[in-house]
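Side chains are part of it too, since the values below use all heavy atoms of this structure and drop only hydrogens, waters and symmetry mates.
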Amino acid sequence: MGALQSSRDPPEYQDLAQKTGFSTEQITVLHKRFKQLSQDEERLRKGDFDQIPDLATNPIRAQIIDAFFDRRNFHPDSGGKVEEIGFEEFLVVMSHFRPPPLNMTEEHRKKVREEKLRFLFNMHDTDDDGTITLEEYRHVVEELLSRSGTIGKETAKSIADAAMLEVASISMGHMEPDEFYEGITFEHFLKLLSQFEIEARMNIRFLNMDATTLCK
């Protein structure tokens, strides 16, 4: 009977594995975490995240929690927020934090990177207008540098400040006097972060689970 272990996984787990890149074993673990977080309910609400100690000290705690309830992150062609999510939506959002597979084609790697950057962009485009401000861009750069572990917080802040000023000088330097700066679009965001290795830096911990180590 041991050879039939995989057949005992719920049928939908196979579909979720294809959709998210998680194995059925990882999905089983994540489902247990989901049930703990939702207090054994089928739906998860924002308030349920308040019980997560590891998120309490995260400087972008609010953005991380909001990301789980942002329709753009599990239905890319829609927008707005939802009040609660099911396990599938929870899993799809979690998949943005998993490291990419080691053996990928260049085309697949580019697709994964763009999806991660789109997710990161959405986290800071809180009003869903398709742009982020210079200050929000500075915050993204500072967070990515801080998570590298190779430089201190103050150094990361200084580099981020310089990056913001550089973007401002380039963007506004090509504007007419009567033009209004509308912010950084996703296409511009992709170009600005082209030199950042973000895949290993997008990770979160909650309920004693690290999304990066879980997926290895």
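- Between Phe97 and Phe68, the ring-plane angle classifies as parallel under the 30° and 60° cut-offs.
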What's the verdict on side-chain contact (heavy atoms from CB on, under 4.5 Å) for Val93 and Phe119, showing C-alpha distance, side-chain angles and the deciding distance? CA-CA 9 Å; Val93 174; Phe119 178 78; 3.9 Å; yes
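- Listed by chain and residue number, Lys35 satisfy the salt bridge (charged side-chain N to carboxylate O under 4.0 Å, His left out) test with Asp40 (two or more places apart in sequence, or in another chain).
- The heavy-atom pair separating Met123 from Ala67 by the smallest distance is CG-CB, 4.0 Å.
- Taken from CD in Gln26 to CG in Leu91, the straight-line distance is 9.5 Å, to the nearest 0.5 Å.
- Applying the side-chain hydrogen bond (donor to acceptor under 3.5 Å, both in side chains) criterion to Glu88, with sequence neighbours excluded, gives Lys19.
- Under the rule for a side-chain hydrogen bond (donor to acceptor under 3.5 Å, both in side chains), Lys110 has no partner lying at least two apart in sequence or in another chain.
- In this structure, Gln63 has no side-chain hydrogen bond (donor to acceptor under 3.5 Å, both in side chains) partners at least two apart in sequence or on a different chain.
- Taken to the nearest 0.5 Å, the CD atom of Glu114 stands 15.0 Å off from the CZ atom of Arg109.
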Dump the intermediate steps for side-chain contact (heavy atoms from CB on, under 4.5 Å) on Phe189 and Leu120, then the final yes or no. CA-CA 10 Å; Phe189 185 74; Leu120 191 61; 4.3 Å; yes
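- Identified under the salt bridge (charged side-chain N to carboxylate O under 4.0 Å, His left out) test for residues 117-126, with sequence neighbours left out: Arg72-Asp125.
- Residues meeting the side-chain hydrogen bond (donor to acceptor under 3.5 Å, both in side chains) test with Asp50, sequence neighbours left out: Arg61.
- Listed by chain and number, the residues in a side-chain contact (heavy atoms from CB on, under 4.5 Å) with Asp66 are Lys46, Lys81 (sequence neighbours excluded).
- Of the options Thr28, Ile27, Leu16, a side-chain contact (heavy atoms from CB on, under 4.5 Å) to Phe22 is made by Ile27 and by none of the others.
- Taken from OH in Tyr13 to OG1 in Thr24, the straight-line distance is 9.0 Å, to the nearest 0.5 Å.
- The side-chain contact (heavy atoms from CB on, under 4.5 Å) search around Gln39 returns Asp48, Gln51, not counting sequence neighbours.
- A distance of 8.0 Å separates OG1 in Thr185 from NZ in Lys191, rounded to the nearest 0.5 Å.
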Could you walk me through whether Leu30 and Phe34 pass the side-chain contact (heavy atoms from CB on, under 4.5 Å) test, one step at a time? CA-CA 6 Å; Leu30 283 163; Phe34 177 87; over 6 Å; no
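- Across all non-hydrogen atoms, the minimal contact from Glu136 to Thr126 is OE2-OG1, 4.3 Å.
- Considering only residues two or more places apart in sequence or on other chains, Phe74 meets the ring-ring contact (aromatic ring centres under 6.0 Å, His included) condition with none of them.
- Pairing each heavy atom of Ile184 with each of Tyr137, the nearest pair is CD1-CB, 3.5 Å.
- Separation of atoms NE2 (His96) and OG1 (Thr20) is listed at 10.5 Å; rounding is to 0.5 Å.
- Checking side-chain atoms of Asp128 against main-chain N and O of Gly79 turns up no donor-acceptor pair under 3.5 Å.
- Applying the side-chain contact (heavy atoms from CB on, under 4.5 Å) criterion to Glu41, with sequence neighbours excluded, gives Ser38.
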Would Phe186 and Leu117 count as a side-chain contact (heavy atoms from CB on, under 4.5 Å) if you check the C-alpha gap in whole Å, the side-chain angles of each, and the deciding distance to 0.1 Å? CA-CA 9 Å; Phe186 177 63; Leu117 283 171; 4.3 Å; yes
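- Every side-chain contact (heavy atoms from CB on, under 4.5 Å) that Glu115 has, sequence neighbours left out, goes to Lys111.
- Shown here are the ring-ring contact (aromatic ring centres under 6.0 Å, His included) partners of His31, two or more places apart in sequence or in another chain: Phe87.
- One finds the CG atom of Leu37 at 4.5 Å from the CG atom of Leu44 (value rounded to the nearest 0.5 Å).
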